[in-house]
Amino acid sequence: MLKPSIFKPLKPDFHSISFTAIFYKCKSMKQFKEAHTQLIINGLTHPPPSLRPIISFSAVDPSGDIDYALLLLLRTSTPPTVFLFNTTIRGFSRARRPGSLLSSVLLFVRMGVLNLAPNNFTFTFLFQGCSNCVAFDLGRQFHGMVIKNSFEMDVFVRNSIIRFYSVCGRLDDARWMFDESSELDVVSWNSLIDGCIRNGNISEALSLFSKMTERNDISWNSLLGGLVKFGCMDDAYRFFVEMPRRNMVSWVVMISGYAQNGQPKEALALFREMQTLDQEPNSAILVSVLSACSQLGALDHGRWVHCYIEKKCVRVDSILSAALIDMYAKCGSIDLAMQTFSTSRKRDVSAYTAAISGLAMNGCSEEALQLFEQMKGEGISPDGVSYIAVLCACSHAGWVEKGFHYFASMSDVHGIGLELDHYACMVDLLGRAGLLEEAEKFVASMPIKPDNVIWGALLGACRLYGNAEMGQRVGSLLVESDQNHDGRYILLSNIYAESMKGEDAEQVRKTMRRRKVNRVPGCSLIEVAGFVHEFFSGDRSHEKTEEIYLMWEEIVKEIKKFGYREETRAVVFDVEEEEKEAVIGHHSEKLAVAFGFLYTKSGSTLLIVKNIRICSDCHYAIKLVSKVFKRKIVIRDRKCFHHFEEGLCSCKDYW
DNA sequence: ATAGGGTTAG
């Protein structure tokens, strides 16, 4: 709340200098706007000195309002200073929204019209904008102007250019700027090293790093961050161990890196190490740990983090809130997710989106759309991510018309840019509904080039509906354009096999072998008593293997009484022929179920996370298990949740 | 009076 003392009393001789003082005390956009209102009410003109703080804040502060800054800048009674232009350009450069770079450029042009000469600050900010937008041609023109105006020896300008060329993929130009420099500082080195990593030249980055004479904490963290972004977690960890001092950022980079690079177990292990060193995690680390829990379906771990947050009174911002909701939802506990959502105090678009997508993936499409409408009713604008959740809800429920309605409203009503992910949802929607021709036409009509994900969605639908003709057409293209993706070959080969084209199926498998594409092995995770256990297909490495296999035999014996017969359709390409028989019965989720039966309280719900899609045999078997043994079983596969209960599945056998 | 390189979510 605004403190009245800032504004009162208003004296009759109040003049603009006093307002400058007031502006300097303001700490939020709201305060600034109220003070500005007072200034206008008092009939004062807009002399630039009064507006400086408000323009700076509006343009640069994360909670600012860049449009407000622009409005004021263009309305000052006397021409604005270079400083004000610089600040506003800086604001647009970091705004990262459509058209913001153009605004920076227009302001730059406007400066010229007003005969204001740009300075070194101006160019530094312009290059930031060009880097953020990867605007190579524009940046090169600014580089020309820098040379003409003799700013190229300014180390700040120079470093911003090094960074600019690096992100544009012009490592040679970046290197040239670096080598030609008479004055280099630690930032120049960090920027070039980051550029090398960005452009895939890890060895050059490491060699430069070893040549650095001055290395502060940021240099180390910068190197770690670059390696992590490039997926080189082993290298990153080596430096993490080696570095002289680790600060909070180092831990964040490593733990979030593991979480983002699909190594959630390593993320949790490092988090534990951090705790044994009595280091307090910050909220960024907790977010990453929650993300790791989501990936593993590690509900106990996730709950522990939630308790920790409450015990330590960690401030729950919108990111942390979304991460908590997402964790519960991805661990199959949609009730806890919704409870967390409804008790969270700040519900912004990300918290809503997490809840909507949680409902959607757990098969509660109706509730998901209701919540979406509620969000809009509260005046919160959806963004591109919220729409992915909405379209996903429609897709799972088979609501084609609704899906198209929302799809159209994205750009029409909310002005949100349509991205590949949204198109992929629509292809999935049509494909799942069996409208394959329409799906193919939809792809053909896309204004952006469809990527492999789009074609993959179409191919999946072909398999589901047994459309061999389209499946072969799409699949043959896909195994060429996405050569390293094992799933494409498997789908195509199965499509051939199912339409009695055994030779073609074999041909696809040969191609796959020739290209040395490895199959990602099916793997299921189950958390029992705080430990995550991992099972592969036909796995015999677990210390309780004998018991587990015996238990599964027992289970099979029982469900056979209720009509279970092993099915083979889905496993045509699962294993080499001779192994097939042995492995069908032992897909990883079955082993996980057996393990769960052995080591959890009877009657408790089992949660299993699988890395690939569940096959129809396992699906059928587990439905029966849920009925015969009166046990709720939740399996999260690559695509959606399966809540098995009383012999039925929440996916309605449609996945 | 302004600058640059390192961190989290849906």
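Being a predicted model, the structure only gives us computed values, none of them experimental.
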At 4.0 Å (heavy atoms only), tell me whether A:Asn86 reaches a base, stays on the sugar-phosphate, or touches nothing.
base
Closest to the A:Thr87 side chain, choosing from B:dG6, B:dG10, B:dT2:
B:dT2
With sugar-phosphate meaning primed atoms plus P, OP1 and OP2, does A:Asn216 contact a base, only sugar-phosphate, or nothing at under 4.0 Å between heavy atoms?
base
For the side chain of A:Asn282, counting heavy atoms from C-beta on, which of B:dA3, B:dA9, B:dT7 is nearest?
B:dT7
Give one of base, sugar-phosphate or nothing for A:Asp317, where a contact means two heavy atoms less than 4.0 Å apart.
nothing
Check every strand shown and say whether A:Ser256 touches a base, only sugar-phosphate, or nothing at a heavy-atom separation below 4.0 Å.
sugar-phosphate
Whole angstrom value for the distance that separates P of B:dT7 from CG of A:Leu290:
20 Å
Which side-chain N or O atoms in residues 160-168 of chain A pair as donor and acceptor under 3.5 Å with protein atoms at least two apart or in another chain?
| residue | atom | partner | partner atom | Å |
| --- | --- | --- | --- | --- |
| A:Ser160 | OG | A:Val157 | O | 2.7 |
| A:Tyr165 | OH | A:His143 | ND1 | 2.7 |
| A:Ser166 | OG | A:Ile162 | O | 2.8 |

Out of B:dT8, B:dT2, B:dG5, whichever nucleotide has its closest atom nearest the side chain of A:Ile319:
B:dT8
Which nucleotide in B:dA1, B:dT8, B:dG4 has an atom nearest any side-chain atom of A:Arg52
B:dA1
For the side chain of A:Asn221, counting heavy atoms from C-beta on, which of B:dG10, B:dG6, B:dT7 is nearest?
B:dG6
Carboxylate-amine/guanidinium proximity below 4.0 Å for A:Arg238 and A:Asp234:
no
Answer yes or no: are there more than 12 heavy-atom neighbours, outside A:Arg110 itself, under 6.0 Å from its atom CZ?
no
Let me have the donor-acceptor pairs involving side chains of residues 121-128 of chain A, under 3.5 Å, with sequence neighbours excluded, atom names and distances please.
| residue | atom | partner | partner atom | Å |
| --- | --- | --- | --- | --- |
| A:Thr122 | OG1 | A:Asn86 | OD1 | 2.7 |
| A:Thr122 | OG1 | A:Asn119 | N | 2.9 |
| A:Thr122 | OG1 | A:Asn119 | O | 3.3 |
| A:Thr122 | OG1 | A:Asn119 | OD1 | 2.9 |
| A:Thr124 | OG1 | A:Asn120 | O | 2.8 |

Can you tell me the distance, in whole Å, between the CG atom of A:Asn132 and the C1' atom of B:dG5?
14 Å
Just to confirm, is there a sub-4.0 Å distance from OP1 or OP2 of B:dT7 to any side-chain nitrogen or oxygen of A:Gln260?
no
Between A:Tyr387 and A:Phe407, ring centroids under 6.0 Å
no
Is A:Arg158 close enough to B:dG4 that one of its side-chain N or O atoms is under 4.0 Å from OP1 or OP2 there?
no
Assign A:Ser219 to base, sugar-phosphate, or nothing according to its heavy-atom contacts below 4.0 angstrom with the strands shown.
base
Does the side chain of A:Ser191 pick up a donor-acceptor pair with the side chain of A:Asn159 at under 3.5 Å?
no
Would you say the side chain of A:Asp383 and the base of B:dG10 hold a donor-acceptor pair, judged only by whether the two atoms sit under 3.5 Å apart?
yes
Candidates B:dT8, B:dA3, B:dG5 - which lies nearest the side chain of A:Arg163:
B:dG5
Are A:Arg246 and A:Phe240 in a cation-pi contact, defined as NZ or CZ under 6.0 Å from the six-membered ring centre and within 45° of the axis?
yes
Correct closest heavy-atom pair for A:Cys293 and A:Cys331 would be O-SG, 4.0 Å
Determine the contact category for A:Phe127: base if any of its heavy atoms lies under 4.0 Å from a base atom, sugar-phosphate if only primed atoms, P, OP1 or OP2 are that close, otherwise nothing.
nothing
Within the structure shown, what part of the strands sits under 4.0 Å from A:Val186 by heavy-atom distance: base, sugar-phosphate, or nothing?
base
Using the side-chain heavy atoms of A:Phe125, tell me which of these nucleotides is nearest: B:dT2, B:dT7, B:dG10.
B:dT2
At a heavy-atom distance below 4.0 Å, what parts of residues 167-183 of chain A sit against DNA chain B?
none
For the side chain of A:Val155, counting heavy atoms from C-beta on, which of B:dG4, B:dT8, B:dG5 is nearest?
B:dG4
Please report the distance, rounded to the nearest Å, between CE in A:Met327 and P in B:dT8.
20 Å
Base, sugar-phosphate, or nothing for A:Val253, non-hydrogen atoms under 4.0 angstrom?
sugar-phosphate
The nucleotide from B:dG5, B:dT7, B:dA3 with an atom nearest the side chain of A:Asn120 is B:dA3
So A:Asn247, base contact, sugar-phosphate only, or nothing? Heavy-atom distance under 4.0 Å.
base
Donor-acceptor pair (no angle test) under 3.5 Å: A:Asp185 side chain, B:dG4 base
yes
Checking contacts here: which listed nucleotide (B:dA1, B:dA3, B:dG10) is nearest the side-chain heavy atoms of A:Ala322?
B:dG10
Quiz item: cation-pi between A:Arg215 and A:Phe209, 6.0 Å / 45°:
yes
With the six-membered base ring of B:dA3 as reference, does the ring of A:Phe156 sit under 5.5 Å away with planes under 30° apart?
yes
What is the separation between atom CZ on A:Phe271 and atom P on B:dT8, rounded to the nearest whole Å?
17 Å
d(CE, A:Met274; P, B:dT8) in whole Å
14 Å
Please report the distance, rounded to the nearest Å, between CE in A:Met338 and C1' in B:dG10.
13 Å
Looking at B:dT7, I'd like to know if its phosphate oxygens (OP1 or OP2) sit under 4.0 Å from a side-chain N or O belonging to A:Lys229.
yes
Atom CZ of A:Arg215 and atom C1' of B:dG6 are separated, to the nearest Å, by 16 Å
NA contact type, A:Val349, heavy-atom cut-off 4.0 Å: base, sugar-phosphate, or nothing?
base
Lys/Arg cation over aromatic A:Phe136: A:Arg170, 6.0 Å, 45° cone:
yes
Rounded distance (Å) that lies between atom P of B:dA3 and atom CD1 of A:Ile89:
14 Å
